Amino acid sequence: MEYWLILLSIVISVMCIHYLFRNFNFFKRHGIIHIPPVPIFGAMTSVLFHRISFVDFLVKIYNFNPNAKYIGFYLATNPIVLLRDPELIKNILVKNFESFPNRNGLSNLNDSVFEKNLFSLQGEKWRNVRTLLSPSFTSSKMKMMFTLMSECAMDFAKFLSTFPAYEESINMKDAFSKYTNDVIATCAFGIKINSMKDPANKFYVNGKEATNFRGIRGLKFFFLRNFPRLGRFLNIKFVNKYVTNFFKDIIKTTIATRDAEHITRPDMLQLMMDIRGKEGRRELDIDYMTAQAFIFFLGGFETSSTAMSFIAHEIAANPEVQTKLQQEIDKVLEESHEEVSYEAINQLKYLDAVINEALRLYPPIGILERICEKTYELPSALPDKKPFILKKGMFVWIPIFAIQRDEKYYDNPEKFDPERFLDNKMHNSSWYMPFGCGPRMCIANRFAMLEIKVLLFHILAQCDLKPCTKTTSPIKFCKDFMIMPENGFWLNIRRRKDKHSTLKATVVDS
């Protein structure tokens with residue numbers, strides 16, 4: 001056993017004696033409906049010991065009292081208020097954002113690439129970086145990146161369409177992570193990679209290492225999030241140093257090359273480079289630049305590839321949906337003479353509906369987290385209860401996964417039904433927020449949606465997706481912190497006969 005694990009067990013034991021009596025009575029003292037805690041682990045015992053998946057845990061605590069606007073539970077020794085009421089959630093995320101502007105993010109993982117990125121930054125630092133990066137995701141920038149994405153998607157679809165007939169199944173998560181790796185490499189780092197042909201490339205290998213939250217890494221993540229001071233004292237790192245050094249070296253080398261050869265590209269790194277030396281603009285040092293590029297990579301590599309895998313699974317499991325999608329795609333290709341434009345991709349209403357419905361059932365991140373920065377009064381959780389005062393430093397969780405499967409808001413919520421999203425009202429509802437809500441909504445949501453649309457368009461133009469012997473349906477979630485099926489994503493892919501072998505991607509000015 002490593003020395004830090006022995007020391008850790010001793011220190012946690014001592015700390016728990018203290019916290020057990022102080023924190024674990026918090027909700028009881030304030031008369032808040034709450035889930036009784038287990039010493040040390042709070043309410044998370046079943047997740048930590050792999051008896052239940054994290055999303056099933058979310059649903060369980062969400063349904064603890066279906067009539068309450070919020071309930072309390074303990075994450076390790078920390079009291080968390082879980083919000084259930086959509087109006088209350090909207091107030092906290094949007095109307096009263098100034099009282100809840102921050103989240104912990106990944107700041108406790110003991111590494112600058114996690115601490116200094118937009119997802120983790122707080123206060124004025126967050127506002128400055130958010131303002132700086134926002135222009136990277138405008139319509140004009142998305143249009144420029146469309147061609148880069150399309151090149152990756154066409155290479156990917158071509159590879160799948162020529163897959164040997166004797167191969168009955170493909171690991172879709174593994175395949176899609178190669179596509180997202182290539183997209184992020186070209187759109188954020190300016191590097192051209194084909195990970196399907198070269199899966200051993202360093203960008204992909206280090207990406208897999210950085211985004212691994214499974215098994216022991218999941219426990220390390222839980223520990224660092226909940227005992228950050230101890231983690232820093234023991235110098236425990238979530239990601240190996242060589243991984244962060246790899247990404248930092250790429251940024252340094254790319255900046256030096258572009259400066260020396262006067263190269264300009266329409267990507268996020270270029271935007272950060274362009275503010276250097278401009279009056280009144282605070283430029284980012286190499287650590288901050290690396291952190292922003294890294295979190296963009298982390299989000300795109302892991303969450304986007306997982307979302308694509310769930311979408312592909314549902315398309316394969318619902319052949320009538322696949323047929324309707326392919327008819328919509330074939331019509332666009334016929335009208336455009338097989339030259340696919342940015343505008344055409346964004347006018348595919350049924351493709352939009354399919355993606356949005358999959359994001360409802362399988363949001364990339366199961367919860368939103370906010371930290372109270374100003375004293376805030378919550379209304380009474382139940383009619384016979386008193387209002388509750390949230391004080392500075394307290395955490396609230398919004399269980400997106402559970403809310404988006406609540407039968408109060410969706411008819412037959414467990415059913416995959418894209419038709420419900422053909423009504424635009426669903427997009428603006430207070431109970432649909434797969435990318436978050438309010439000023440801290442995912443800055444790259446338009447990028448992610450375009451990345452997914454482009455890929456599905458090219459795959460379905462050339463291939464049919466079918467369940468295989470390894471496909472598990474209905475999906476059972478793995479007993480871990482990740483939103484993943486127990487047995488992974490496996491499908492059979494076959495080329496459509498005589499269909500669209502010479503697709504082209506074009507950008508049409510509007």
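Being a predicted model, the structure only gives us computed values, none of them experimental.
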Is the centre of the [X] ring less than 6.0 Å from the centre of the [Y] ring?
| X | Y | result |
| --- | --- | --- |
| Y62 | F401 | no |
| F489 | F176 | no |
| F119 | F296 | no |

Less than 4.5 Å apart, any side-chain heavy atom of [X] and any of [Y]?
| X | Y | result |
| --- | --- | --- |
| R84 | K69 | no |
| Y376 | I92 | yes |
| N65 | L382 | yes |
| V396 | C372 | no |
| I345 | L450 | yes |
| M433 | I398 | yes |
| F416 | P474 | no |
| K453 | D352 | yes |

### Task
Check the pair R360 / E357 against salt bridge (Lys or Arg N to Asp or Glu O under 4.0 Å), numbers first and verdict last.
CA-CA 5 Å; R360 179 190 70 81; E357 173 67 347; 2.8 Å; yes

Between [X] and [Y]: side-chain donor-acceptor atoms closer than 3.5 Å:
| X | Y | answer |
| --- | --- | --- |
| Y342 | S150 | no |
| N104 | E369 | no |
| S139 | R446 | yes |

### Query
Checking side chain to side chain contact (heavy atoms under 4.5 Å, CB included) for the pair E419/Y350: CA distance, chi angles, key distance, verdict?
CA-CA 8 Å; E419 300 292 331; Y350 193 66; 3.6 Å; yes

Minimum heavy-atom separation for [X] and [Y], please, with both atom names.
| X | Y | answer |
| --- | --- | --- |
| M308 | L455 | SD-CD2, 3.4 Å |
| F26 | P79 | CD2-CB, 3.9 Å |
| I483 | T306 | O-CG2, 3.6 Å |
| V321 | V354 | CG1-CG2, 3.8 Å |
| P135 | K141 | O-CG, 3.1 Å |
| C437 | L368 | N-CD1, 4.3 Å |

Please round to the nearest 0.5 Å and tell me the distance separating atom [atom1] of [X] and atom [atom2] of [Y].
| X | Y | atom1 | atom2 | result |
| --- | --- | --- | --- | --- |
| I35 | I71 | CD1 | CD1 | 4.5 Å |
| E451 | S305 | CD | OG | 8.5 Å |
| R103 | L121 | CZ | CG | 10.0 Å |
| S304 | I452 | OG | CD1 | 5.5 Å |
| M142 | M144 | CE | CE | 10.5 Å |
| M149 | I184 | CE | CD1 | 7.5 Å |

### Task
Please report the C-alpha distance between K479 and D56 in whole Å, then the side-chain angles of each, then the deciding distance to 0.1 Å, and finally whether the salt bridge (Lys or Arg N to Asp or Glu O under 4.0 Å) criterion is met.
CA-CA 9 Å; K479 297 175 176 63; D56 288 332; over 6 Å; no

### Message
Against the six-membered ring of Y410, is R420 placed for a cation-pi contact (under 6.0 Å from the centre, within 45° of the normal)?
### Response
no

### Message
Check whether Y362 forms a cation-pi arrangement with R405 (NZ or CZ under 6.0 Å from the six-membered ring centre, at most 45° off the ring normal).
### Response
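Yes, a cation-pi geometry holds between R405 and Y362.
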
Assign the ring pair [X] / [Y] to parallel, tilted or perpendicular, where the plane angle (0 to 90°) is split at 30° and 60°.
| X | Y | result |
| --- | --- | --- |
| F247 | F297 | tilted |
| F310 | F477 | tilted |
| Y70 | F388 | tilted |
| Y179 | F156 | tilted |

### Query
Is there a salt bridge (Lys or Arg N to Asp or Glu O under 4.0 Å) between K178 and D174 once you walk through the steps?
CA-CA 7 Å; K178 291 182 173 69; D174 182 67; 2.6 Å; yes

#### Entry: Electrostatic pair E87:K95 at N-O distance under 4.0 angstrom
yes

### Sidechain N-carboxylate O distance under 4.0 Å for E302, K173
yes

### Message
If you apply the rule side chain to side chain contact (heavy atoms under 4.5 Å, CB included), what do you find for S134 with I443, and how did you get there?
### Response
CA-CA 7 Å; S134 291; I443 192 174; 3.9 Å; yes

#### Entry: Identified ring-ring contact (aromatic ring centres under 6.0 Å, His included) counterpart of F73 within the set F27, W397, F395
W397

### Task
Give a yes or no on whether N412 atom CG has more than 12 heavy-atom contacts from other residues, nucleotides or ligands under 6.0 Å away.
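Counting neighbours around CG of N412, more than 12 heavy atoms of other residues, nucleotides or ligands fall under 6.0 Å, so yes.
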
### Query
For atom CD of E98, is the number of surrounding heavy atoms from other residues, nucleotides or ligands below 6.0 Å larger than 12?
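Yes, CD of E98 has more than 12 neighbouring heavy atoms, counting only those of other groups under 6.0 Å.
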
